[in-house]
Amino acid sequence: MTRPSLKVEDLHVSIEDKEILKGFGIEVNGGEIHAIMGPNGTGKSTLASALMGHPKYEVTSGNATFNGEDLFEMEVDERARAGLFLAMQYPSEVSGVTNADFVRSAINANREEGDEISLMKFIRKMDEKMNTLEMDETFQQRYLNEGFSGGEKKRNEILQLLMLEPKIAILDEIDSGLDIDALKVVAKGINELRSDDFGCLIITHYQRLLNYIKPDFVHVMMQGRIVKSGGPELAERLEAEGYDWIKEELGIEDETVGQE
Amino acid sequence: MTAETKFPVNHNDIKSFSKDREEPQWLTDLRISSLEQAETLELPKPDKTNISKWDFTKFDLNGAFSAEVSDSVKELIGEADKAQMLMAQKNGETLFQKLSAELEEKGVIFTDFQTAVKEHSDLVQKYFMQEAISTNENRLTAMHAALVNGGTFIYVPANVEVDIPIQAVYTQEGTFGLFNHVLIVAEANSSVTYIENYITEGEPTQSNANIIAEVYVHDGASVHFGAVDNLSKDITTYVNRRAHVTGRDAKVYWALGQMNDGNTVSENTTYLVGEGSYGDTKTVSIGRGKQTQNFTTNVIHFGKHSDGQILKHGVMRDEATSIFNGISKIEHGATKANGEQTERVLMLSEKARGDANPILLIDEDDVTAGHAASVGRIDPLQMFYLMSRGISRREAERLIIHGFLAPVVNELPIESVKEQLIEVIERKVL
């Protein structure tokens with residue numbers, strides 16, 4: 001099996017006619033973990049949303065391929081079924097739909113008709129993954145994200161990640177709002193997926209998540225594009241010294257792209 | 001008045017129809033006087049829906065039909081072995097009926113309308129279109145009284161608790177105009193659960209259904225009334241379900257699945273007359289295609305300490321239009337009454353239209369009342385979220401619709417109605 005790959009080239013994305021991403025490029029392959037770091041307002045979440053196909057973001061130019069196929073030609077659900085996953089910063093609440101029903105529908109959507117997951121198998125898997133994430137079993141029957149705390153929503157995103165086993169996952173600030181214990185639990189879950197068949201793009205403000213999920217590549221985003229790339233040592237330096245040295249080095253005064 | 005209405009029937013037709021059925025004189029007379037009223041009265045005027053161009057006269061009173069019990073009827077009465085109180089009618093004729101001998105011995109009456117007027121004439125006459133509804137309210141109630149040709153009579157004597165649900169399935173086929181009347185009388189401290197289904201079978205043909213249900217609830221009695229309306233898109237329907245909760249601490253619970261595919265005016269009215277009486281209405285509706293519907297729920301409080309609850313959720317797809325009116329009326333003297341209502345409408349497409357109108361009319365100071373309403377389109381971010389997990393647009397909509405209706409469906413007090421509804425919803429959202 002060839003390793004999965006996500007390639008993004010010279011991507012420009014606007015929201016309400018304001019350009020947020022200005023020539024972003026990256027390549028994420030199976031077996032690799034990339035971290036995208038950067039101050040607030042530099043376009044990190046826009047990147048995540050645009051790649052998944054969020055209706056508010058408009059791709060104005062550039063291209064992206066997923067396993068060689070044009071990502072932007074695909075509907076949101078097709079991207080997901082091809083193996084792309086986004087753990088969202090602010091997942092929607094859906095009243096009346098239980099977590100279990102939702103996850104089961106999602107799993108079956110990724111399988112052929114007539115080859116749906118058996119209820120027993122599903123329950124076993126769900127129990128196992130919830131156990132990994134130290135989630136209370138009552139979450140199965142609660143309505144999707146309704147009344148969940150910030151941390152509970154994050155865990156629920158990772159639960160879906162573990163249940164769906166995508167090929168490439170984008171984690172959008174999955175660490176914000178998590179205490180250190182929760183962070184360790186979430187990291188454990190993600191580390192379980194590490195293999196040549198799984199690539200991951202972690203978007204984060206903080207280096208601390210990267211203490212538990214060791215990235216292969218670290219990228220710094222400013223002004224809507226990657227301005228510096230390196231290995232895990234780059235993240236450590238950012239943690240120690242902040243972002244100012246990069247701005248100085250590159251002669252950037254305002255790193256933001258306006259609002260995000 | 002709009003264009004002269006041509007009635008498909010005249011006095012002589014009615015007379016011979018009544019005679020053929022060996023009806024008591026009072027009913028023949030009532031039919032004839034009602035026909036006269038129908039010729040002069042106007043159509044009802046449901047708030048915010050103009051029905052003046054709807055054709056309520058496109059039907060035959062006789063229509064050939066197959067007298068076999070179809071698979072869809074069998075499906076609805078699935079556990080027929082267990083159900084001991086069962087009635088299946090088609091085009092007004094009873095195909096079969098099952099009664100519990102034990103309940104019959106206790107004096108419970110469960111029979112078709114045609115039999116009831118012969119065998120329990122006095123009892124039917126005492127209630128038929130008296131307190132809960134009048135023949136002369138509008139043209140359609142009058143037409144109903146003139147032409148009633150199907151239905152059921154249920155009588156539960158004092159202190160009898162009917163512990164198995166009574167189920168009736170009414171099938172309409174062909175051009176036959178269904179004028180179905182359900183009359184339920186629950187005497188003091190009795191209780192009963194009644195569930196009805198309306199379905200259409202056979203080739204699609206334009207016709208009418210004109211349905212009235214009357215429920216009389218005496219002291220301390222309790223009636224659960226469940227319905228799943230599922231008539232086809234060619235049937236223009238007027239359905240009016242009323243409860244006269246006369247008794248002290250009497251209770252009525254409505255669970256209505258309003259799933260017709262044709263143009264429909266559906267009224268549901270509860271008169272809370274008795275002190276401490278209780279009325280609870282839960283409805284779910286799905287509109288699709290190009291149908292127009294009006295759902296009006298009234299709870300009218302006369303009794304002190306009466307409590308009325310309305311919960312309505314509706315989903316509009318395609319180019320469907322629906323109005324959801326909820327009216328809680330508290331009359332002067334109904335002290336300590338409580339009226340609450342919630343209407344929620346979800347529109348799935350640009351061309352779907354829905355409106356919710358919660359109305360509180362209060363003529364008494366010492367009461368509590370509240371309402372909530374919302375009308376909205378499907379949240380694109382919810383769709384994005386569900387689809388981002390590989391779920392197709394259609395399946396995502398399906399989940400959101402089920403989720404939207406769940407707060408009502410899950411609360412329905414009658415398990416079999418809940419199950420039937422989930423199935424009908426499933427078919428309608430695909």
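Side chains included, hydrogens not; waters and symmetry mates left out as well; all remaining heavy atoms used. For clarity, every value in this text was computed on a predicted model and none was experimentally measured. Protein chains get the first letters and strands the later ones, always in sequence-line order, with residue 1 at the start of each.
For the options A/E157, A/E75, A/K56, heavy-atom pairs under 4.5 Å to chain B are most numerous at A/E157. Here B/G390 is the residue among B/G390, B/A406, B/P380 with the most heavy-atom pairs under 4.5 Å with chain A. Between chain B and the options A/G96, A/G53, A/S92, heavy-atom pairs under 4.5 Å are most frequent for A/S92.
In this structure, the ring of B/Y385 has its center less than 6.0 angstrom from the ring center of A/F102.
A heavy-atom distance below 4.5 Å is not found between the side chains of B/T283 and B/F295. No side-chain heavy atom of B/H371 sits under 4.5 Å from any side-chain heavy atom of B/I310. In this structure, A/K153 and A/Y90 have side chains that are not in contact, with every pair of non-hydrogen atoms separated by 4.5 Å or more.
Within the 4.5 angstrom heavy-atom criterion, atoms from both the backbone and the side chain of B/Q382 approach chain A. For A/N108, no part sits under 4.5 Å from any heavy atom of chain B, backbone or side chain. Looking at B/F384, the atoms closer than 4.5 Å to chain A (heavy atoms on both sides) sit in the backbone and in the side chain alike. No part of A/E78 comes within reach of chain B, as not one of its non-hydrogen atoms sits under 4.5 angstrom from that chain. With a 4.5 Å cut-off on non-hydrogen atoms, A/I107 does not touch chain B at all. For B/L386, the parts lying near chain A are the backbone and the side chain together; criterion is any non-hydrogen pair under 4.5 Å.
Between B/Y278 and B/Y253, the angle of the ring planes lies from 30° to 60°, which puts this pair in the tilted group.
Here the closest heavy-atom approach between residue A/D175 and residue A/T204 is recorded as OD2-OG1, 2.5 Å.
A side-chain donor-acceptor contact under 3.5 Å links B/R389 to the backbone of A/L86.
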